[in-house]
K.L.:
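Following this message is one structure expressed as structure tokens.
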Protein chains: 2
Amino acid sequence: MSETAPSLSIGQVAERTGLSVHALRFYEREGILADPVRRGPGGRRVYSEQDVEWLNLCIILRASGMPLPAIRQYTGLVRQGAGNELERLALLRRHQELVTAQIGRLTECLELIGYKVRVYEDHLDQGAADDLCGSLPEN
Amino acid sequence: MSETAPSLSIGQVAERTGLSVHALRFYEREGILADPVRRGPGGRRVYSEQDVEWLNLCIILRASGMPLPAIRQYTGLVRQGAGNELERLALLRRHQELVTAQIGRLTECLELIGYKVRVYEDHLDQGAADDLCGSLPEN
DNA sequence: GCTTGACCTAGAGTCGAGTCTAGATCCTAG
DNA sequence: CTAGGATCTAGACTCGACTCTAGGTCAAGC
């Protein structure tokens with residue numbers, strides 16, 4: 001019944017997040033952790049579940065292409081505490097637009113690639129027939 | 001009426017493709033050009049419209065995240081000429097799947113970001129009212 | 001004849017995002 | 001007491017994809 005404040009070692013956090021132990025320390029140096037990470041006996045890092053949640057957010061942001069400096073900036077705002085919600089929102093919206101744009105670009109690329117795939121498929125489907133007269137996928 | 005074989009300098013190709021002159025030479029070194037690029041008087045590169053088209057394809061592939069080694073591989077297949085269409089198709093399909101997956105991942109991220117944006121919007125919309133009772137966007 | 005601008009090569013430098021190493025510390029189990 | 005395993009710090013290394021520099025060639029215009 002006693003859910004003792006669940007504190008995690010860096011190794012456990014690595015396991016839970018999929019980040020490497022190295023990456024976790026690196027992120028901390030980069031100022032990307034919500035609070036400056038508590039230390040246990042022997043100077044070891046002690047993470048809370050909240051830290052893990054924060055890291056999961058960071059992972060989402062990274063996976064969607066936000067560069068570390070931007071994440072650091074967002075982290076800074078959150079660290080400052082209440083009062084700058086507008087700035088946080090603006091930052092998130094900016095990123096939202098970038099991701100949307102990126103999805104758009106990828107979708108365009110995908111269409112072109114799909115077109116090329118179809119050309120090759122057709123060429124191969126019926127290629128045996130007119131092998132010499134060129135159904136011409138030149139590249 | 002005489003559409004003289006349109007040959008372009010590296011500078012012109014850079015302008016048409018949006019790649020830098022440096023990048024064009026770099027791509028050539030990396031073996032990413034369909035044919036090994038003809039040279040004009042004084043050893044200058046002479047590009048054809050086909051080269052530009054090929055580059056445009058490469059740009060699409062790069063933009064959709066295909067690494068240079070993979071592009072080099074595809075280039076190699078095209079250089080070899082007819083006969084390996086199945087391999088080319090396989091390579092393109094593989095990439096197609098990767099891009100699709102990437103779009104999927106980005107879309108998931110976008111949803112989460114959208115959710116966070118909404119939380120902040122709500123918080124700000126009605127925040128003045130319950131400023132102290134915490135509509136709690138913690139980060 | 002001389003400068004300017006586009007081009008050439010080889011190779012060094014940059015940037016982002018980690019990853020890895022060395023050498024030290026600490027806790028636990030045998 | 002000691003060996004093993006996880007952790008610590010500072011700092012070096014890697015990788016991909018360019019980008020830039022130095023030093024040289026060449027043709028055109030003034």
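In what follows, every chain begins at residue 1, and chains take the letters A, B, ... in the order their sequences are listed.
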K.L.:
Can you list the residues that meet the side-chain contact (heavy atoms from CB on, under 4.5 Å) rule with A/Ile59, with sequence neighbours excluded?
P.N.:
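Scan of A/Ile59 (side-chain contact (heavy atoms from CB on, under 4.5 Å), adjacent residues dropped) gives A/Thr17, A/Leu19, A/Asn56.
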K.L.:
Which letter, B, S or -, goes with each nucleotide of nucleotides 16-28 of chain C from 5' to 3', with contact meaning a protein heavy atom under 4.0 Å?
P.N.:
-SBBBB---BB--
K.L.:
Please list, chain by chain and in numerical order, all residues satisfying salt bridge (Lys or Arg N to Asp or Glu O under 4.0 Å) with A/Glu121, sequence neighbours excluded.
P.N.:
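Partners of A/Glu121 under the salt bridge (Lys or Arg N to Asp or Glu O under 4.0 Å) test: B/Arg93.
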K.L.:
What pairs with B/Arg118 under salt bridge (Lys or Arg N to Asp or Glu O under 4.0 Å), at least two apart in sequence or on another chain?
P.N.:
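B/Arg118: no salt bridge (Lys or Arg N to Asp or Glu O under 4.0 Å) contacts found.
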K.L.:
What's the separation between atom NZ in A/Lys116 and atom OH in A/Tyr120, rounded to the nearest 0.5 Å?
P.N.:
5.5 Å
K.L.:
The criterion is side-chain contact (heavy atoms from CB on, under 4.5 Å); which residues satisfy it with A/Asn84, sequence neighbours excluded?
P.N.:
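Applying side-chain contact (heavy atoms from CB on, under 4.5 Å) to A/Asn84 gives A/Leu77, A/Gln80, A/Glu87, A/Arg88.
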K.L.:
Could you tell me from which nucleotide to which nucleotide of DNA chain D, 5' to 3', there is an atom under 4.0 Å from chain A heavy atoms?
P.N.:
D/dA6 to D/dG11
K.L.:
Would you please name every residue forming a side-chain contact (heavy atoms from CB on, under 4.5 Å) with B/Ser48, sequence neighbours left out?
P.N.:
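For B/Ser48 the side-chain contact (heavy atoms from CB on, under 4.5 Å) partners, ignoring immediate neighbours, are B/Arg38, B/Gln50, B/Asp51.
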K.L.:
Taking only distance into account, with no hydrogens and no angle test, what donor-acceptor pairs under 3.5 Å do side-chain atoms of residues 95-103 of chain A form with protein atoms, sequence neighbours excluded?
P.N.:
from: A/His95; atom 1: NE2; to: A/Ser64; atom 2: OG; distance (Å): 2.8
from: A/Thr100; atom 1: OG1; to: A/Gln96; atom 2: O; distance (Å): 2.7
from: A/Gln102; atom 1: OE1; to: A/Arg105; atom 2: NH1; distance (Å): 2.6

K.L.:
Mind checking what makes side-chain contact (heavy atoms from CB on, under 4.5 Å) contact with A/Glu49, not counting sequence neighbours?
P.N.:
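In terms of side-chain contact (heavy atoms from CB on, under 4.5 Å), with neighbours along the sequence ignored, A/Glu49 is linked to A/Pro6, A/Leu8, A/Arg16, A/Val52.
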K.L.:
Can you list, by residue number, the residues of residues 8-17 of chain B that have a non-hydrogen atom closer than 4.0 angstrom to DNA chain C?
P.N.:
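Residues of residues 8-17 of chain B that come under 4.0 Å of DNA chain C are, in numerical order, B/Ser9, B/Ile10, B/Gly11.
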K.L.:
According to salt bridge (Lys or Arg N to Asp or Glu O under 4.0 Å), who are the partners of A/Arg62, at least two apart in sequence or on a separate chain?
P.N.:
none
K.L.:
Apply salt bridge (Lys or Arg N to Asp or Glu O under 4.0 Å) to B/Arg39 and list each qualifying residue two or more places apart in sequence or on a separate chain.
P.N.:
B/Glu28
